[in-house]
> 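One structure follows; several queries about it will come next.
Along the sequence shown, residues are numbered consecutively beginning with 1.
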Amino acid sequence: MLTPQDVERISKAKKISETKFIDFYLKYDEDGDLVFKSMPCPFLMNDNHCEIYQIRPRACREFPHTDQKGQINILSLTRKNAKICPAVAKIYQMLAEL
């Protein structure tokens, strides 16, 4: 999920309007959150480095979200992340065994 601050910061760095940034890169998901249209992220380069690492969205800085308090409240997010991140899969498995 991208915050309004993420949209503002990244669009400014890419030198495009926030509206164009949203139209080109983002969509609303089933929860009404702004997310990238494509996965992997459109800013992930061929060498697996992030093109916008220094200004990456909050969700990227916090990924895989396993150190947040209240994990019980974000288990659905953890389950989604477990499909793409082996470390999260291990943590999710450990949580399921509790």
> What about the rings of Phe43 and Tyr25, do their centers lie closer together than 6.0 Å?
yes
> Got a second to check how far Ser38's OG is from Leu44's CG, nearest 0.5 Å?
9.5 Å
> Inspect the contact between Asp6 and Arg9 and indicate whether a charged nitrogen and a carboxylate oxygen are less than 4.0 angstrom apart.
yes
> Shared ILVMFWY cluster between Val35 and Ile55, side chains joined below 4.5 angstrom?
no
> Measuring from atom CZ of Arg58 to atom CD of Gln5, what distance do you get when rounded to the nearest 0.5 angstrom?
8.5 Å
> Using a strict cut-off of less than 4.0 Å between a Lys/Arg side-chain nitrogen and an Asp/Glu carboxylate oxygen, indicate whether Glu51 and Lys14 qualify as a salt bridge.
yes
> Decide if atom CE of Met94 counts as having more than 12 heavy atoms of other residues, nucleotides or ligands within a radius under 6.0 Å.
no
> Which value, rounded to the nearest 0.5 Å, describes the distance between Arg56 atom CZ and Cys50 atom SG?
7.0 Å
> Under 4.0 Å between a Lys/Arg side-chain N and an Asp/Glu carboxylate O for Lys12 and Glu8?
no
> Given the rule that I, L, V, M, F, W and Y join up when any side-chain heavy atoms are under 4.5 Å apart, are Ile52 and Phe24 in one cluster?
yes
> Would you call Thr3 and Pro57 a side-chain contact if the rule is heavy atoms closer than 4.5 Å?
no
> Could you check if a side-chain atom of Cys60 sits within less than 4.5 angstrom of a side-chain atom of Tyr53, using non-hydrogen atoms only?
no
> Just wondering, do Leu34 and Val7 contact through their side chains at under 4.5 Å, heavy atoms?
yes
> In Å and rounded to the nearest 0.5 Å, what is the CD1 to OG distance from Ile22 to Ser17?
8.5 Å
> For Lys27, which residues count as a salt bridge (Lys or Arg N to Asp or Glu O under 4.0 Å) partner, sequence neighbours excluded?
none
> Near Lys37 NZ, under 6.0 Å, is it more than 12 heavy atoms from other residues, nucleotides or ligands?
yes
> Is Asp31 reaching over with its side chain to a backbone N or O of Asp33, donor-acceptor style, under 3.5 angstrom?
no
> Consider only side-chain heavy atoms of I, L, V, M, F, W and Y, link residues closer than 4.5 Å, and tell whether Phe21 and Tyr28 are in one cluster.
yes
> Does Asp47, at its CG atom, have more than 12 non-hydrogen atoms belonging to other residues, nucleotides or ligands within less than 6.0 Å?
yes
